Amino acid sequence: MSILITGGAGYIGSHTSVELLNAGYDIVIVDNFSNSKPEVLNRIKELTGKGFKFYEVDVLDKDALSQVFSENHIEAVIHFAGLKSVGESVAMPINYYYNNITGNLILAEVMAKHNVKKIVFSSSATVYGMNNISPLTEDLPLSTTNPYGSTKLMGEQIFQDIYVSDNEWSIALLRYFNPIGAHESGRIGEDPKGIPNNIMPYITQVAVGKREKLNVFGDDYDTHDGTGVRDYIHVVDLAKGHLKAVEKIMGTKGVKIYNLGTGIGYSVLDLVKNFEEATGVKVPYVITKRRPGDIAACFSDPTKALKELNWKTEKTLKDMCKDSWKWQSNNPKGY
Ligand code: NAD
Ligand code: UFG
């Protein structure tokens, strides 16, 4: 019996693969390397000392995906595969809807055909939209402001509707807050293409000398120091949340929705300060204007995941900074 991990060569997928292998699961990874590199697979093997099957397959390729299910005894799926850049989604909405939505539909169709009805879906805090006040609980009204966010909200809806049509499904919708950090070995981490959109890879590229300074997007928000506040979560804590979610869907039916976050909001300047303290490396920055679409504060109420999954984060913001830096400084060019 194996867990199929779509997008397992990516940032969160690779860390989750390591945690699953270390916990004794057999895994099968499917990825088309649209946003990752084959080298990550060697690193996963190196870190765990375990082998696994890998298929270079696009989730949109129904026949190839179906073949993966025919050749393996898949018990459940963790579905990470998707495009994830907000800005790119505004410029290329067709690609985003096509890849993310069609990917969900084809995967669900193939799963149903092979009678595999357990899935963990990567959703995002972005589904809480602009109007809710943090801390955010799972029952708040949802909305989105960009095509990427819409694919996540529609993805949630698709899986909820599938359950309504067939109560044999067991589905976990996980809303991630802001994953940062890397495996403490420094062997796997986030490897963005081009100029990073997200703050932590930008900070580490400044620290390693690849970029001159960090642009802090606005210091006039209604937050403790005026800069944007987010719920940064260590990617290894996040990966462990997937283990708990897999355990949960193995034993139950229905749709479960969980926030995966720390419950603590830190500002951009808090992050810079913690990074400098944790690593001893200076991060020069300038304040620039707000980035369109950003909100002042976004952090989770993670109580439901604690109660129902017995999961909570263990790592501190300094751990996240230290591990991001170890990854970046040991792999200045990524994989
Ligand atoms: P990532 O880009 O590092 O990983 C996604 C992986 O999926 C990549 O390896 C990519 O090559 C693969 N992929 C994309 N489309 C595919 C397709 N059609 N077929 C096969 N493989 C495909 O991203 P990540 O940060 O690891 O995110 C994983 C998931 O979590 C995504 O669905 C993302 O939207 C979601 N998420 C990420 C964040 C974040 O900040 N990183 C926050 C919330 C939600
Ligand atoms: N920021 C800067 N400078 C930068 C990059 C970001 O000041 O160069 C600030 C932003 O304004 C924000 C904070 O740092 O206040 C975090 O920004 P990120 O881009 O790292 O993350 P976001 O919260 O904007 O969005 C991320 C993912 C989304 C996801 C969301 C919630 O990119 O896909 O978290 O999970 F939906």
Side-chain angles (χ1 to χ4, degrees), residues 5-16 29-38 40 55-61 64-65 78-87 89 95-96 98-100 102-104 106-107 121-128 136 144-146 148-149 151-152 155 174-180 189-193 195-203 205-206 211 213-219 221 223 227-233 235 238-239 242 259-261 265-269 271-272 285-300:
I5 306 184
T6 74
Y11 174 45
I12 306 170
S14 57
H15 289 81
T16 302
I29 295 181
V30 161
D31 204 296
N32 65 358
F33 296 129
S34 58
N35 198 37
S36 51
K37 304 215 181 86
V40 70
Y55 293 84
E56 186 171 347
V57 158
D58 193 312
V59 169
L60 302 179
D61 182 342
L65 190 62
I78 308 181
H79 182 35
F80 292 108
L83 302 175
K84 65 161 180 178
S85 159
V86 172
S89 80
N95 292 30
Y96 270 67
Y98 188 66
N99 194 69
N100 292 4
T102 317
N104 292 337
I106 289 176
L107 175 62
F121 174 65
S122 296
S123 188
S124 165
T126 194
V127 300
Y128 290 113
L136 302 163
T144 60
T145 53
N146 58 70
Y148 166 71
T151 68
K152 290 297 167 191
L174 303 182
R175 296 179 182 154
Y176 313 154
F177 282 70
N178 289 54
I180 60 170
E190 188 172 12
D191 185 17
K193 287 186 177 155
I195 302 172
N197 296 303
N198 296 118
I199 189 151
M200 184 53 99
Y202 206 102
I203 287 177
Q205 291 195 6
V206 170
R211 313 209 174 265
K213 55 184 180 316
L214 172 71
N215 297 304
V216 175
F217 299 146
D219 68 349
Y221 285 106
T223 60
T227 64
V229 164
R230 295 292 182 274
D231 185 341
Y232 297 100
I233 171 170
V235 66
L238 184 64
H242 289 75
N259 286 337
L260 296 185
Y266 287 106
S267 72
V268 174
L269 295 183
L271 186 58
V272 170
Y285 67 85
V286 286
I287 307 290
T288 62
K289 61 182 186 341
R290 292 181 179 196
R291 181 171 64 179
D294 277 356
I295 54 174
C298 172
F299 54 94
S300 65

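Everything quoted here is computed from the prediction, not taken from an experiment. Throughout, residue positions are numbered sequentially from 1 according to the sequence presented. As the structure lists them, so they are numbered: ligands from 1, and atoms in each ligand from 1. Hydrogens, waters and symmetry mates play no part in the numbers below; they use all other heavy atoms, side chains included.
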With backbone taken as N, CA, C and O and side chain as the heavy atoms from C-beta onward, which portion of [X] lies under 4.0 Å from ligand 1: side chain, backbone, both, or neither?
X      : value
Thr126 : neither
Tyr148 : side chain
Ser123 : backbone
His79  : neither

Just which atoms of ligand 2 are under 4.0 Å from any heavy atom in [X]?
X      : result
Ala125 : 31 (C), 35 (O)
Ser124 : 29 (C), 31 (C), 35 (O), 36 (F)
Val216 : 7 (O)
Asn215 : 2 (C), 3 (N), 4 (C), 7 (O), 8 (O)
Asn197 : 5 (C), 19 (O)

Considering only the protein, which heavy-atom contact is closest to [atom], and what is its distance?
atom                    : value
atom 15 (N) of ligand 1 : Asn99 ND2, 3.2 Å
atom 2 (O) of ligand 1  : Asn35 ND2, 2.7 Å
atom 9 (C) of ligand 2  : Val268 CG2, 3.7 Å
atom 22 (P) of ligand 2 : Asn178 ND2, 3.6 Å
atom 19 (N) of ligand 1 : Val59 N, 2.9 Å
atom 12 (C) of ligand 1 : Asp31 OD1, 3.3 Å
atom 28 (C) of ligand 2 : Val86 CG2, 4.3 Å
atom 32 (O) of ligand 2 : Asn198 ND2, 2.7 Å
atom 24 (O) of ligand 2 : Arg291 NH2, 2.9 Å
atom 4 (O) of ligand 1  : Gly10 CA, 3.4 Å
atom 10 (C) of ligand 2 : Asp294 OD2, 3.4 Å
atom 13 (N) of ligand 1 : Asn32 OD1, 3.4 Å
atom 24 (P) of ligand 1 : Lys84 NZ, 3.7 Å
atom 40 (O) of ligand 1 : Pro179 CD, 3.4 Å

Do [X] and [Y] come close enough that some side-chain heavy atom pair is under 4.5 Å?
X      : Y      : answer
Leu271 : Tyr266 : no
Ile233 : Tyr176 : no
Tyr128 : Arg175 : yes
Ser122 : Lys84  : no
Tyr285 : Val268 : no
Ile295 : Arg230 : yes

May I ask you to check if ligand 1 and [X] share an N or O to N or O distance below 3.5 Å?
X      : result
Ala9   : no
Leu60  : no
Ser124 : no
Tyr176 : no

**Message:** Before we go on, tell me: are the rings of His15 and Phe80 under 6.0 Å apart, centre to centre?
**Reply:**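 Distance test on ring centres: not under 6.0 Å, no.
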Please report whether ligand 2 has a polar contact with [X], defined as an N or O pair separated by less than 3.5 Å (distance criterion only).
X      : value
Arg230 : yes
Met200 : no
Ile199 : yes

**Item:** Separation of Ile106 CD1 from Asp61 CG (nearest 0.5 Å)
**Value:** 8.0 Å
**Prompt:** In ligand 1, which numbered atoms sit nearer than 4.0 Å to a non-hydrogen atom of Ser122?
**Reply:** 29 (C), 30 (O), 32 (O), 35 (C)
**Ligand-residue contact atoms, ligand 1 with Ser34, heavy atoms, under 4.0 Å** = 10 (C), 11 (O), 13 (N), 14 (C), 15 (N)
**Message:** Between Tyr148 and Ser85, do the side chains contain a donor N or O and an acceptor N or O under 3.5 Å apart?
**Reply:** no
**Check: Thr151/Asn100 side-chain N/O donor and acceptor closer than 3.5 Å** = yes
**Item:** Side-chain donor or acceptor of Tyr11 paired with backbone N/O of Ile180 under 3.5 Å
**Value:**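 Yes, the answer is positive, given that a donor and an acceptor are paired below the 3.5 Å cut-off.
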**Request:** Spell out, as yes or no, whether a donor-acceptor pair under 3.5 Å connects the side chain of Asp231 to the backbone of Phe177.
**Result:** no
**Item:** contact_flag Tyr148 ligand 2 heavy-atom lt 4.0 Å
**Value:** yes
**Prompt:** Under a heavy-atom criterion of less than 4.0 Å, does Tyr232 contact ligand 2?
**Reply:** yes
Could you tell me if any non-hydrogen atom of [X] lies under 4.0 Å from any atom of ligand 1?
X      : result
Val30  : no
Lys152 : yes
Thr6   : no
Gly103 : no

So which of [options] gets nearest to [atom], if we judge by its closest heavy atom?
atom                    : options                : answer
atom 4 (C) of ligand 2  : Tyr202, Phe217, Tyr285 : Phe217
atom 27 (O) of ligand 1 : Ile29, Ile180, Ile12   : Ile12
atom 31 (C) of ligand 1 : Phe80, Tyr11, Phe33    : Phe80

**Which atom of Asn198 lies closest to which atom of Glu190, heavy atoms considered** =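 Between these two residues, the closest heavy atoms are OD1-OE2, 4.3 Å.
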**Request:** Of all the heavy-atom pairs spanning Phe217 and Tyr221, show the shortest one and how long it is.
**Result:**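 Between these two residues, the closest heavy atoms are O-CE1, 3.5 Å.
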**Complete:** Counting heavy atoms under 4.0 Å, the part of Val229 that contacts ligand 2 is neither
